[in-house]
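Scope of the values below: all heavy atoms of this structure, side chains included, with no hydrogens, waters or symmetry mates. Naming: A, B, ... by sequence-line order, numbering from 1 per chain.
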Amino acid sequence: MIEITLPDGSRRNFAHAPTVREVAESIGPGLAKAALAGRIDGSLVDLGRLIEHDAHLEVITEKSPDALGIIRHSTAHLLAQAVQRLFPGAQVTIGPVIDNGFYYDFAYERPFTPEDLPRIEEEMRKIAAEALPLARTVKSRDEAIDFFRRLGEEYKVEIIQAIPASDELSLYSQGEFTDLCRGPHVPDTGRLKAFKLLKVAGAYWRGDSGNQMLSRIYGTAFLSDKDLNAHLRQLEEAERRDHRRIGKAQDLFHLQEEGPGLVFWHPRGWAIWQVVEQYMRRVYRDTGYGEVRCPQILDVSLWQKSGHWDNYQENMFFTESEKRTYAVKPMNCPGHVQVFKQGLHSYRDLPIRYGEFGACHRNEPSGALHGILRVRGFTQDDGHIFCTEEQIESEVAAFHRQALKVYTDFGFSDVQVKIALRPDKRLGDDATWDKAEHALRSALRGASVEWQELPGEGAFYGPKIEYHLKDAIGRTWQLGTMQVDFMMPGRLGAEYVDEHSVRRHPVMLHRAIVGSMERFIGILIEHHAGAFPVWLAPLQAIVLSITDAHAPYASQVAQALVQQGFRVQADLRNEKVGYKIREHTLQRVPYLLVVGDREMEQGAVAVRALSGADLGSMPLASFAARLASEARPG
RNA sequence: GCUCACGUAGCUCAGUCGGUAGAGCACUUCCUUGGUAAGGAAGAGGUCACAGGUUCGAUUCCUGUCGUGAGCACCA
């Protein structure tokens with residue numbers, strides 16, 4: 001007798017061990033039809049799985065949050081089967097579910113190209129229509145190796161060989177195709193209806209650039225065509241937000257062949273930059289930083305001492321003069337240490353904080369470049385705090401509060417916080433690392449934030465807090481960071497005198513809030529889809545003359561607002577006002593001020609908001625007051 | 001850096017199965033002076049990324065270089 005407990009607490013008894021499907025059938029034919037898989041005592045299984053002991057069972061239908069993952073995983077198998085039908089000799093490797101879809105990596109005599117995708121997708125539809133049932137079998141590790149070796153699937157063999165010999169492995173078969181897989185899967189391929197292959201790409205076997213390049217096919221699958229189409233529309237919407245597209249459309253910046261990864265800022269883009277920079281300068285000022293400015297190039301000997309020569313040379317640019325080699329700075333920290341070293345500091349002076357809008361150059365791999373989000377020349381809001389060990393935690397906590405305040409002011413609420421912990425290759429002893437990691441954790445705990453930990457991802461000199469934000473299509477980019485460094489001050493000879501007149505090396509905290517100005521502005525563009533709030537907008541208002549007769553008044557209005565510190569221009573072109581409105585609306589100017597005879601007579605402006613809302617005619621002073629109230633962060 | 005794709009007018013793109021190219025928008029000039037998302041006409045504008053090769057002839061085919069895009073690797 002087997003007793004099954006359902007999620008609602010009710011119990012059902014079976015004379016023999018039932019399958020999940022049989023339990024579902026016993027509840028009702030509707031449920032049996034809708035069932036995709038089951039969850040026995042918390043673990044997901046197939047519909048065909050026998051339940052051999054008393055258990056809690058949940059029948060997974062399309063309504064379950066687990067359904068999508070199962071569908072996508074099964075669709076990845078569908079893709080693999082289709083590829084093997086069409087391209088005999090293609091070997092399967094791995095095909096996991098990822099955010100928003102799945103991929104499958106293949107080893108084949110040639111890479112797949114976008115032209116192959118429609119054919120493959122067609123074959124997938126064929127297999128789905130065949131409604132092939134999926135069968136799960138279990139083999140020992142050695143049997144499984146034997147099985148895949150006979151099929152010529154050397155990559156599968158390699159995967160299995162990494163698994164302990166005692167483990168049992170499950171294999172899933174649908175028609176002629178069998179794949180190693182943990183499961184669960186849909187009961188038959190007919191359950192897969194809404195899918196689409198999206199792109200091809202190269203990917204290294206086991207993610208190691210020393211290994212063979214495999215051919216990866218990305219796809220996505222949903223429970224219904226409606227969901228699939230909604231997702232595809234969302235991708236299109238994300239493309240419209242792309243900072244590269246908006247940057248061009250709004251004349252913010254450009255990049256060109258002669259300067260890969262180097263940004264040319266145009267007046268409108270630089271206006272945004274200036275707002276961000278002045279805002280961040282105020283943050284430096286308000287939080288006790290002295291702003292500094294250090295040289296762009298310094299003799300390599302300094303970079304040899306700092307460790308950059310040994311650890312970072314490949315990413316640095318060099319230049320020469322009079323038989324000396326200089327490095328273009330990739331980081332600001334060595335410069336700040338030089339500032340600290342001028343004169344002798346007492347422990348009473350600590351913490352000492354320096355901030356810089358430091359322009360750095362890093363020779364990033366060409367394939368890493370991406371618009372203004374990943375560049376070779378960039379400016380950091382880079383600060384360094386020289387302090388004692390005891391001061392670390394309060395400094396970190398204060399920084400964290402400030403960083404979140406800044407992100408909030410710029411309109412970001414979805415900020416992911418991560419702590420990158422000690423890497424295998426590191427300097428310093430474990431006690432020091434314990435201390436540093438503890439300081440980061442307890443500072444974050446004190447601020448009651450949730451964070452994710454990334455073991456092994458810290459810098460060689462210390463752990464770091466990372467602040468991540470998402471771009472329009474869901475890629476996350478690290479902006480801010482707070483790093484604890486016990487090494488650099490010693491290497492570069494930074495010292496202070498403690499209360500016992502002993503010279504000691506301070507701890508150095510590396511910190512940035514927006515990270516790179518370029519990246520941050522890129523993210524801002526995408527976040528706001530180019531429609532910036534008034535305080536950030538490159539152009540806050542534009543004055544539109546209706547006819548030539550109103551041009552002098554329009555200029556006068558624009559000039560008056562400019563003199564009050566607003567970013568305002570006049571559009572005096574001989575065009576109809578509707579044309580001008582269309583153009584500046586597309587440029588996402590927050591306020592359009594129309595001036596004609598009525599406004600001229602009354603010293604007024606007719607205000608139209610970007611939304612299209614007509615705010616009516618108002619005295620220029622009223623509009624200026626409105627602008628002033630909106631020209632602040634938040 | 002690796003794999004694949006792409007590079008045509010200022011922008012967005014079409015095109016040439018090998019015979020030196022076209023649209024829309026923008027730009028210039030003229031007409032129009034019009035009250036809330038495109039008024040009209042005319043004109044100008046391209047060494048088809050760059051360098052080789054094949055060919056009677058290359059923007060088109062091939063090779064290389066540079067750049068861009070997607071992904072991978074990288075991101076101290």
Side-chain angles (χ1 to χ4, degrees), chain A residues 98 103 105 110-117 198-218 239 242 244-245 248-249 251 254-261 306-308 310-316 330-331 333 360 362-371 373-376 420 423 425 457-462 464 466 473 475 477-478 481 483 485 488 510 515-516 519 544-551 573-587 592-599 606-610 612-617:
Chain A
I98 53 173
Y103 67 80
D105 286 348
R110 66 164 176 89
F112 296 118
T113 68
E115 289 77 56
D116 295 324
L117 295 186
L198 297 174
K199 54 195 173 193
V200 293
Y204 297 106
W205 166 236
R206 298 200 149 162
D208 184 337
S209 60
N211 286 343
Q212 190 190 334
M213 175 72 67
L214 304 173
S215 190
R216 174 173 296 180
I217 297 177
Y218 283 92
E239 257 172 53
D242 192 306
R244 293 165 297 189
R245 177 186 290 254
K248 197 177 276 179
D251 195 21
H254 85 272
L255 295 96
Q256 64 186 44
E257 286 206 12
E258 291 82 354
S306 69
H308 287 83
D310 290 332
N311 293 301
Y312 206 64
Q313 198 180 144
E314 280 179 10
N315 289 291
M316 291 165 69
M331 300 183 201
C333 29
C360 297
R362 298 180 188 175
N363 195 5
E364 301 284 1
S366 55
L369 303 180
H370 179 88
L373 297 183
R374 185 82 184 267
V375 289
R376 290 196 173 132
K425 203 179 148 196
E457 305 246 324
F460 66 90
Y461 51 76
K464 55 181 178 177
E466 299 177 352
I473 57 175
R475 288 176 290 214
W477 298 87
Q478 182 190 314
T481 184
Q483 309 177 6
D485 179 1
M488 189 82 67
H510 306 241
S516 131
R519 177 177 292 179
L544 312 179
S545 53
I546 292 173
T547 74
D548 291 346
H550 311 119
R573 290 176 302 169
N574 174 20
E575 296 288 353
K576 291 197 168 187
V577 73
Y579 178 90
K580 295 183 186 180
I581 285 174
R582 174 181 157 78
E583 201 164 81
H584 299 293
T585 298
L586 291 174
Q587 287 292 314
L592 310 183
L593 311 180
V594 178
V595 296
D597 290 339
R598 293 198 293 273
E599 287 73 24
V607 183
R608 180 189 162 108
L610 182 54
D614 183 359
L615 304 181
S617 199

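Under the 4.5 Å side-chain criterion, counting only non-hydrogen atoms from C-beta, L369(A) is not in contact with V375(A).
Contact annotation for E599(A): base contact, defined as any heavy-atom pair under 4.0 Å involving a base atom. Within the 4.0 angstrom heavy-atom criterion, only backbone atoms of the sugar-phosphate kind lie near S209(A); the bases stay farther away. Within the nucleic acid shown, Y218(A) comes within 4.0 Å of sugar-phosphate atoms alone, with no base atom in reach, counting heavy atoms only. G578(A) comes within 4.0 angstrom of the backbone, heavy atoms only, and of no base. Heavy atoms of A249(A) sit nowhere under 4.0 angstrom from any nucleic acid atom. Nucleic acid contact for G259(A): none, since no nucleic acid atom lies under 4.0 Å from a heavy atom of the residue. P365(A) comes within 4.0 angstrom of a nucleotide base, judged by non-hydrogen atoms across all strands.
Note: CD (E258(A)) to P (U68(B)) measures 11 Å, nearest angstrom. Separating the NE2 atom of H370(A) from the P atom of A73(B) is a distance of 16 Å, rounded to the nearest angstrom. Taking atom CG of residue L255(A) and atom C1' of nucleotide G69(B), one finds them 13 Å apart after rounding to whole Å. The distance between atom CZ of R582(A) and atom C1' of G34(B), rounded to the nearest whole Å, is 18 Å. Straight-line distance from the CD atom of E364(A) to the P atom of A73(B): 16 Å, rounded to whole Å.
Proximity note for R216(A) (side chain, C-beta onward) versus U68(B), C72(B), C4(B): the nearest is C72(B).
Taking only distance into account, the side chain of D548(A) meets the base of U33(B) through a donor-acceptor pair shorter than 3.5 Å. Judged by atom type and distance alone, R608(A) reaches the base of A37(B) through a side-chain donor-acceptor pair under 3.5 Å. Counting atom types as modelled, N574(A) pairs a side-chain N or O with a base atom of G34(B) as donor and acceptor under 3.5 Å.
For G34(B), there is no paired nucleotide, since no Watson-Crick or G-U wobble pair has both relevant distances below 3.5 Å.
Under the side-chain hydrogen bond (donor to acceptor under 3.5 Å, both in side chains) rule, S545(A) has a single partner from R573(A), K580(A), H550(A), which is K580(A).
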